[in-house]
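Notes for the one structure printed next.
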Amino acid sequence: MGVLGISLGFYGYAFPGNINLMILELYNSKNYRFLFPILGMIIIFESIYCIVSLKFISSLTSNSGIFDFIQTASFILIFILGLWMLLDSRNPENKTDRNTITRGVLNIIIHPQQIPYWFIAGSLANGIFNFSQNKWAIILFAFFNALGTLMAMVVYMFIGGKIMNYFSLNITQINKAMGIVYILFSLYNLYPF
């Protein structure tokens, strides 16, 4: 449980975005007065999204028709995301400006990618751990996920500049590789061999 929870938390914040850029900017400017409360805020809101999603998904396991539909829809979304990543040829540039912190804080609270992410990740995790049998397992999983999230933020604080350079040079190849992984994962779950 710990390995999957930490991995999902880390992966969710591994790719550059407003939150990572904000942490990098606060750390580089040595603005620790805001850095540590914002790190706490990230962990709290990540845990809330995780717990609410997992509780919702685990409550649906008693209604197998709805749960199976959500799980199938999640795997279809993974497949579509994989195709999108594989076929997208743009090389996006990450630009920072003075509103990075404002956008970062807003993204912590209202994180539009968290809901689909946790439906997909939650379906996967619930399929493995069956959270409906033990409510404390959700809390423990959320703790491991928060630990993974914190690890991703610490990595961005210390070597964020190198990561940003790496992603700016290799994002197309990374997206294509992850697209293939997503497609294979979704096909395996939709059509088990």
Side-chain angles (χ1 to χ4, degrees), residues 1-56 77 81 84-85 88 90-122 124-125 138-179 181-182:
M1 178 183 303
V3 172
L4 183 61
I6 290 171
S7 299
L8 288 174
F10 188 87
Y11 176 77
Y13 288 93
F15 292 94
N18 287 326
I19 295 172
N20 310 47
L21 291 175
M22 172 188 59
I23 291 298
L24 180 60
E25 188 174 302
L26 286 171
Y27 181 76
N28 286 340
S29 66
K30 306 211 182 307
N31 195 343
Y32 302 122
R33 189 174 58 132
F34 289 112
L35 177 64
F36 295 117
I38 286 178
L39 279 173
M41 190 175 169
I42 290 169
I43 291 172
I44 289 168
F45 276 92
E46 173 68 16
S47 297
I48 289 170
Y49 276 108
C50 175
I51 290 169
V52 168
S53 298
L54 290 175
K55 280 192 176 208
F56 179 72
L77 285 173
L81 180 62
W84 181 22
M85 292 173 79
D88 189 20
R90 291 180 298 127
N91 192 0
E93 295 179 15
N94 290 314
K95 296 181 179 176
T96 59
D97 59 29
R98 58 190 169 150
N99 294 320
T100 303
I101 294 173
T102 304
R103 281 180 306 178
V105 170
L106 287 174
N107 276 343
I108 292 170
I109 299 167
I110 304 168
H111 200 320
Q113 296 143 334
Q114 285 286 47
I115 301 300
Y117 176 77
W118 274 111
F119 267 94
I120 293 166
L124 169 71
I138 292 175
I139 303 295
L140 185 61
F141 186 84
F143 169 78
F144 286 124
N145 177 68
L147 186 59
T149 300
L150 181 61
M151 288 169 61
M153 294 298 113
V154 169
V155 166
Y156 266 91
M157 285 189 311
F158 293 112
I159 59 171
K162 292 178 183 175
I163 294 172
M164 298 302 287
N165 289 336
Y166 178 80
F167 275 110
S168 68
L169 294 174
N170 300 301
I171 193 71
T172 302
Q173 292 84 0
I174 293 168
N175 278 342
K176 289 188 186 312
M178 288 308 299
V181 169
Y182 285 175

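In this structure, the side chain of Ser29 engages the main chain of Leu26 through a donor-acceptor pair within 3.5 Å.
Between Tyr49 atom OH and Ile108 atom CD1 the span is 10.5 Å, to the nearest 0.5 Å. With rounding to the nearest 0.5 Å, the separation of CG in Leu24 from CD1 in Ile159 is 11.0 Å. Within the model, atoms OH of Tyr156 and CD1 of Ile23 stand 11.5 Å from one another, a figure rounded to the nearest 0.5 Å. Distance check, rounded to the nearest 0.5 Å: CZ of Arg33 to CD1 of Ile38 gives 10.5 Å. The CD1 atom of Ile42 sits 6.5 Å away from atom OH of Tyr13, with the distance rounded to the nearest 0.5 Å.
When the options Ile51, Leu150, Thr149 are evaluated for a side-chain contact (heavy atoms from CB on, under 4.5 Å) with Glu46, the one that passes is Thr149. The only option from Met153, Met22, Met157 that meets the side-chain contact (heavy atoms from CB on, under 4.5 Å) definition with Tyr27 turns out to be Met157.
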Query raised in the report: Step by step, would you call Phe141 with Leu8 a side-chain contact (heavy atoms from CB on, under 4.5 Å)?
Result: CA-CA 10 Å; Phe141 186 84; Leu8 288 174; 3.7 Å; yes
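Using a 4.5 Å heavy-atom threshold, the side chains of Met41 and Ile109 count as touching. Using a 4.5 Å cut-off on side-chain heavy atoms (C-beta onward), Phe10 and Val155 make contact.
Sparse packing is recorded around CZ of Phe143, with 12 or fewer heavy atoms of other residues, nucleotides or ligands lying under 6.0 Å away.
Taking all atoms of both residues into account, the shortest heavy-atom contact from Ala146 to Ser47 is CB-OG, 3.7 Å.
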